[in-house]
Structures are given as C-alpha cells and as structure tokens.
Amino acid sequence: MTTTPRGSSPVATAMAVLRCFSPERPVLGVVEIAEEIGLHKSSVSRMMTTLEAEDLVEQDPLSKKFRLGLGLLSVAGSLLANLDVRRAALPVLTGLTERTGETSSLVIWDGFDAVIVEQVPSANPIKHATELGTRFSTVQDASVRVRLAALPEGEREAFFAAASRSRAAYQRLVRADRDGIAVNNGDTTPDEVGVAATVRDHRGRLIAAILIAVPRYRVDTERLSALCDACRGAADELTRALGGTPEQRTA
C-alpha cells in the first residue's frame with residue numbers, strides 16, 4: 001500500500017516518510033521510502049537529513065538505512081503524559097492481561113479512527129500485539145464498531161459517508177455483538193480475534209475502549225464468552241476509576 005503525503009508542504013512530506021516505518025518494516029532505505037511515497041530519491045534524501053538532525057530518524061552507519069529515532073518520544077511524550085485515561089488504564093490493562101493471558105490495549109478515537117495509546121502484551125510466545133499509535137478504521141474492527149453502536153444515528157451516517165464504508169457489512173457484523181461489546185472474530189485478520197468494550201468518564205461520555213487481541217486458535221465459544229466478560233469487567237473498572245458509572249447491561 002502506497003503512503004502518499006496528505007498535502008504539498010514539507011510537514012506533510014515528513015509525516016508521509018515517518019508513516020512508511022512499521023513493525024514489519026522498521027528499517028528502510030532512501031530508495032524504498034521514495035518508492036513508497038512517490039517522490040524522487042533526492043527529495044527523500046534531503047528530508048531524511050533534516051529528520052535525522054531532529055533525532056526523528058537515525059541512520060545505521062553500515063547499511064546506511066534508517067529507522068525511527070528516539071526524538072519521536074519527546075514529541076509524543078507530552079501528549080501521552082496528559083492522557084489521564086491512559087494513566088488510569090495501565091493497572092486495569094495489567095490486571096486484564098494477567099487474568100486472560102492475552103494482550104490488552106486502551107483505544108481512544110481520533111475522528112472516526114480508533115488509536116491504540118496503551119498496551120500490555122501477553123506473555124505467551126504466540127500473541128497479537130500492536131505498536132502504540134496504530135489506527136483502526138473499518139467496521140470489521142471491534143474498537144471502531146463498539147463506538148459506532150453508541151453514536152447517534154446522524155453521526156453514524158457521517159461515518160459511512162466519510163469514506164464510502166459498507167453499511168451492509170456493519171449491519172451484518174453488529175448482530176453478533178453484545179450490549180456494549182464488539183467482537184472481531186477473524187473479520188480483519190483470519191488468525192485474530194478482537195474483543196472491545198466501551199469506557200465512559202464521570203460525565204457519561206464515551207471516551208475510550210478496552211481491546212483484547214487473541215490468536216484465533218485459542219478461542220472457542222466458551223473462551224470467547226469468557227473474554228467478553230473479562231473485557232466488559234475491565235472497561236467497567238476503568239469507567240469507575242474515572243469517576244463514571246458503568247451502564248446497566250442486558251443479560
């Protein structure tokens with residue numbers, strides 16, 4: 001999938017460059033980045049020099065390829081440090097991962113995208129874990145759908161209109177969801193199950209979700225039910241920690 005700048009400014013180009021890096025491709029050369037974002041390699045080379053000077057990327061002295069730099073932490077650190085929900089969520093996620101043995105994450109929303117801002121990975125050698133900042137945007141994603149179900153109809157319509165998303169797919173998938181819980185049973189990745197439950201603050205506003213990600217081979221009907229209950233319990237625990245009142249759920 002090609003990553004293109006979302007504008008013509010140097011900032012848009014720099015962001016396109018940084019988005020090229022991923023857990024699957026942590027180290028990239030100038031030619032690879034140029035092909036990815038559709039710019040000439042000389043332009044990319046100049047941009048990498050600038051990013052390196054700001055510690056946003058670093059270059060391997062032998063391969064001459066680049067990886068993301070520690071300077072990004074100073075940029076993102078102040079944002080993450082001020083997310084009270086993130087601080088409150090960490091002990092909840094830790095307990096959830098200990099109880100289930102699976103990776104648990106805190107998700108907040110940026111527009112219609114769900115973004116992972118905190119995570120406690122499973123100790124199992126085979127697990128599903130995702131880097132912080134990963135975005136989910138489709139109706140197949142449990143963390144997106146759990147919010148959609150709670151939105152007013154007008155806002156839900158805006159979601160479908162924004163990127164021609166499939167209303168039919170949403171209506172099909174939402175029938176399998178529980179009250180306040182959404183399940184991605186291999187809908188985005190065949191070997192993964194995701195379970196998400198909503199979190200509200202002291203004003204009753206929907207502000208986040210807790211997400212459990214599990215290799216699908218470890219999930220049968222009974223296990224899925226237990227994961228849903230555990231996820232809902234953790235989300236209610238975080239809601240109470242934020243001064244909110246968990247919603248009454250149907251049986």
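At a cut-off of 3.5 Å, with distance as the only test, no side-chain donor of D236 or T239 sits close to an acceptor on the other residue.
Hydrophobic clustering places L56 together with L39 (ILVMFWY residues linked when any side-chain heavy atoms are closer than 4.5 Å, directly or through intermediates).
Closest of all the heavy-atom pairs between L28 and C20 is CD1-O, 3.6 Å. Across every non-hydrogen atom of A197 and R232, the tightest pair is CB-NH1, 3.7 Å. In terms of heavy atoms, R223 sits closest to R218 at CG-O, 3.3 Å.
How far CG of L106 is from CZ of R87: 12.5 Å, rounded to the nearest 0.5 Å. Taking OG from S105 and CD from E118, the interatomic distance works out to 8.5 Å, rounded to the nearest 0.5 Å. Annotation: the span from T103 atom OG1 to H128 atom NE2 amounts to 9.0 Å, rounded to 0.5 Å. Atom CZ of F21 and atom CG of L72 lie 9.5 Å apart (nearest 0.5 Å). Taken to the nearest 0.5 Å, the OG atom of S122 stands 11.5 Å off from the CD atom of E98. Taking CG of L206 as the start and CD1 of I108 as the end, the distance is 12.0 Å to the nearest 0.5 Å.
Across N184, L148, D187, T188, a single residue satisfies side chain to side chain contact (heavy atoms under 4.5 Å, CB included) together with V139, and that is L148. No option in N185, L211, L224, V146 other than L224 meets the side chain to side chain contact (heavy atoms under 4.5 Å, CB included) test with V195.
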Q: List the steps, then state whether side-chain contact (heavy atoms from CB on, under 4.5 Å) holds for T100 with V214.
A: CA-CA 10 Å; T100 63; V214 189; over 6 Å; no
Q | Worked check of side-chain contact (heavy atoms from CB on, under 4.5 Å) between F159 and V144 | A | CA-CA 10 Å; F159 169 85; V144 172; 3.9 Å; yes
Q. Between V17 and F66, is a side-chain contact (heavy atoms from CB on, under 4.5 Å) present by the stated rule, with each step listed?
A. CA-CA 11 Å; V17 168; F66 293 88; over 6 Å; no
Q.
Determine whether V30 and K64 satisfy the following criterion, side-chain contact (heavy atoms from CB on, under 4.5 Å), listing intermediate values before the conclusion.
A. CA-CA 9 Å; V30 168; K64 302 301 181 182; over 6 Å; no
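By the 6.0 Å contact criterion, CD on E157 is enclosed, its count of non-hydrogen atoms from other residues, nucleotides or ligands being greater than 12. Around NZ of K127, the count of heavy atoms belonging to other residues, nucleotides or ligands within 6.0 Å exceeds 12.
T49 contributes a side-chain N or O that, together with a main-chain N or O of S45, makes up a donor-acceptor pair within less than 3.5 Å. Looking only at distances, no side-chain donor or acceptor of N124 sits under 3.5 Å from a matching main-chain atom of I126. Of the possible polar contacts, none joining the T198 side chain to the A209 backbone as a donor-acceptor pair under 3.5 Å is found. S104 places no side-chain N or O within donor-acceptor distance of the main-chain N or O of L96, the cut-off being under 3.5 Å.
Under the 4.0 Å criterion applied to side-chain N and carboxylate O atoms, E153 and R156 are assigned as salt-bridge partners.
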